[in-house]
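Structure first, commentary second.
Start at 1 with the first residue, then count along the sequence.
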Amino acid sequence: QVQLVESGGGLVQAGGSLRLSCAASGRTFSRYAMAWFRQAPGKEREFVATIDSSGGSTNYADSVKGRFTISRDNAKNTVYLQMNSLKPEDTAVYYCAGAAGAYFSRREGLYIYWGQGTQVTVSS
């Protein structure tokens, strides 16, 4: 069983930056892909970014490409989401997710481990 705990959310002004962290329990963290999703009020949860098990390949939603960077430290069992040039439309609860396998995917249904989420609020 894997547990994921997100941290680093908060309130920031538009144009600012935040770094989210997701700490995973268990010794098999390095075997599976990880991702970040987000859910804004009144909207469905959407894909943000994903990274494969080694950290060598990443993929981003068009809405965050060039502003957000996903990375991981397998020695620390942690995945990060660096968010720069934040916009009010980035306001959402951000969820960390772990896949069943090593290859990344944008498909929410392939992720079997989920954190509780961390709130990010961007003021205009």
Side-chain angles (χ1 to χ4, degrees):
Q1 187 70 19
V2 175
Q3 291 187 328
L4 303 176
V5 179
E6 302 99 334
S7 61
L11 173 64
V12 64
Q13 289 187 334
S17 298
L18 282 175
R19 188 174 84 153
L20 305 183
S21 299
C22 173
S25 65
R27 295 179 294 175
T28 60
F29 175 79
S30 62
R31 296 182 185 177
Y32 45 88
M34 299 292 294
W36 289 93
F37 290 79
R38 68 186 181 186
Q39 187 168 22
K43 296 186 177 181
E44 294 187 350
R45 190 157 55 187
E46 65 175 2
F47 165 77
V48 175
T50 184
I51 188 167
D52 71 355
S53 61
S54 70
S57 295
T58 58
N59 191 265
Y60 298 90
D62 289 345
S63 59
V64 307
K65 197 174 298 182
R67 300 187 298 121
F68 291 11
T69 302
I70 188 172
S71 61
R72 66 190 296 161
D73 185 339
N74 286 343
K76 295 182 178 179
N77 281 12
T78 302
V79 63
Y80 304 97
L81 185 68
Q82 177 67 44
M83 306 185 294
N84 299 328
S85 301
L86 282 161
K87 304 175 181 181
E89 51 263 43
D90 295 317
T91 295
V93 177
Y94 283 71
Y95 296 91
C96 173
Y103 299 103
F104 66 65
S105 173
R106 299 163 69 107
R107 293 176 54 194
E108 182 176 335
L110 295 183
Y111 291 87
I112 60 174
Y113 305 114
W114 290 86
Q116 293 300 307
T118 185
Q119 176 71 46
V120 171
T121 303
V122 184
S123 64
S124 58

Which pairs pass side-chain hydrogen bond (donor to acceptor under 3.5 Å, both in side chains) with one or both residues in residues 97-108, sequence neighbours excluded? R45-E108, N59-R106
Determine which pairs satisfy side-chain hydrogen bond (donor to acceptor under 3.5 Å, both in side chains) with at least one residue from residues 2-25, sequence neighbours left out, and list them in order. S17-N84
Membership question, hydrophobic clusters at under 4.5 Å side-chain separation (ILVMFWY): are [Y] and [X] in the same one?
X    : Y    : answer
Y80  : Y113 : no
V2   : I51  : yes
I112 : V48  : yes

Applying disulfide (SG to SG under 2.5 Å), which residue pairs with at least one partner in residues 8-90 are found, sequence neighbours left out? C22-C96
Taking atom OG1 of T91 and atom CG of L11, what is their separation to the nearest 0.5 Å?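 Nearest 0.5 Å value for the OG1-CG distance: 8.5 Å.
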Inter-residue atom distance W36.CH2 - L20.CG, 0.5 Å rounding: 4.5 Å
To check you understand the geometry: which heavy-atom pair defines the closest contact between A33 and A102, and what is its length? CB-O, 3.6 Å
Of all the heavy-atom pairs spanning G98 and L4, show the shortest one and how long it is.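 What the structure gives for the nearest pair is N-CD1, 3.7 Å.
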Between R38 and V64, does the side-chain contact (heavy atoms from CB on, under 4.5 Å) criterion hold? Intermediate values first, please. CA-CA 12 Å; R38 68 186 181 186; V64 307; 3.9 Å; yes
Please enumerate all residues that pass side chain to side chain donor-acceptor pair (under 3.5 Å) together with [X], with sequence neighbours excluded.
X    : result
E89  : none
T121 : Q119
Y95  : none
Y111 : T50

Residues 46-66 vs ring-ring contact (aromatic ring centres under 6.0 Å, His included), sequence neighbours excluded, gives F37-F47
ILVMFWY cluster membership beyond F104 - transitive side-chain contacts under 4.5 angstrom: none
Quick one, V12 with M83, criterion side-chain contact (heavy atoms from CB on, under 4.5 Å). Give me CA distance, side-chain angles, the key distance, then yes/no. CA-CA 11 Å; V12 64; M83 306 185 294; over 6 Å; no
Which side-chain N or O atoms in residues 65-72 pair as donor and acceptor under 3.5 Å with protein atoms at least two apart or in another chain?
unit_1, atom_1, unit_2, atom_2, d
K65, NZ, D62, OD1, 3.2
R67, NH1, S85, O, 2.9
R67, NH1, D90, OD2, 2.8
R67, NH2, S63, O, 2.9
R67, NH2, D90, OD1, 3.0
R67, NH2, D90, OD2, 3.4
R72, NE, S53, O, 3.4
R72, NE, N74, OD1, 2.8
R72, NH1, Y32, O, 3.0
R72, NH1, D52, O, 2.8
R72, NH2, F29, O, 2.9
R72, NH2, Y32, O, 3.1
R72, NH2, N74, OD1, 3.3

Looking at residues at least two apart in the chain, or sitting in another chain, which of them share a side chain to side chain contact (heavy atoms under 4.5 Å, CB included) with A14?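 Scan of A14 (side chain to side chain contact (heavy atoms under 4.5 Å, CB included), adjacent residues dropped) gives P88, V122.
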